[in-house]
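Values reported hereafter were calculated over all heavy atoms of this structure, with side chains retained and with hydrogens, waters and symmetry mates removed. First listed ligand is number 1; within each ligand, the first listed atom is number 1.
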Amino acid sequence: MPLPYSDIVMEHFRNPRNVGRIDDPDAKSVEGSPACGDMVAVYLKVDPETHRIEDIKFESYGCASNIATGSIITELAKGRTLEEAKQISWQEATKELGGLPPIKTHCSVLAVDGLRAAIQNYEERHGLVTEREPTTVQVVEKRLKRVMNPVVGLDIVRTHLVHEITVTAGVVRVVVDLPSDHQFASNIREEIVEKIEPLWDVEQVEIEFTD
Ligand code: FES
């Protein structure tokens, strides 16, 4: 039985706005959903003076609900300041879309998480973070829950690929339970560095593989 999607959802799914990537973005994020293993990437261009979102694009590897939500929230976010864009919620997106089946809530949450993570990435990269909690093993682990294990489509923490994390004087060391010549090793390395490096007190990220 087809899911009862509204006409607005179907329209945004068929003609999604702001799809694609931005070359040389000011910030970006890649978020995965633990519920379904799908992923979304969000790219931002931000005015450095006003902190208004000048351009925003997204790529979705998710379902129709995720694509429609990505489309609507990027429309809502464009032209807003980062602070204003942070207020965009999955509830607001769902309302704008004329409703989504409750079973699809996680899909709209994923799109909104992608937007929020991209904003956070901008703030971290541009020294705009005001609440500066020190980086601990727990903080690193939380971030690593956003790095996908492409083999199974779930994050690398839940799929037990993270063998060890240490944090010592600005150096974060992550040991990944994969051989270094694994086909996804360099991809995972890149994503880990991308997630950990922006943390305000991190000076170096070291990734090791268990060969
Ligand atoms: Fe994965 Fe919708 S089922 S994003």
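Within the 4.5 Å cutoff, no side-chain heavy atoms of Ile53 are placed close to those of Asp47.
Taking the six-membered ring where the residue is Trp, Phe184 and His182 present tilted rings, their angle falling between 30° and 60°.
Not one N/O/S atom of Cys36, from backbone or side chain, sits under 2.8 Å from atom 2 (Fe) of ligand 1.
Annotation: atom 4 (S) of ligand 1 to nearest protein heavy atom, Asp38 OD2, 3.4 Å.
Ion pairing between Arg17 and Glu11 holds under the 4.0 Å rule for side-chain N and carboxylate O. The residues Glu124 and Arg143 are annotated as salt-bridged, a charged nitrogen and a carboxylate oxygen being separated by less than 4.0 angstrom. Of the charged side-chain nitrogens involved, none lies within less than 4.0 Å of a carboxylate oxygen, so that Glu31 and Arg116 do not count as a salt-bridged pair.
Taking every non-hydrogen atom of His106 and a distance limit under 4.0 Å, the qualifying atoms of ligand 1 come out as 1 (Fe), 3 (S). Of all the atoms in ligand 1, the ones that sit under 4.0 Å from a non-hydrogen atom of Asn66 are 4 (S). Close approach of ligand 1 to Lys104 is summarised as follows: ligand atoms under 4.0 Å from at least one heavy atom of the residue are 2 (Fe), 3 (S).
Atoms SG of Cys107 and SG of Cys63, as seen from atom 2 (Fe) of ligand 1, are separated by an angle of 100°, to the nearest 10°.
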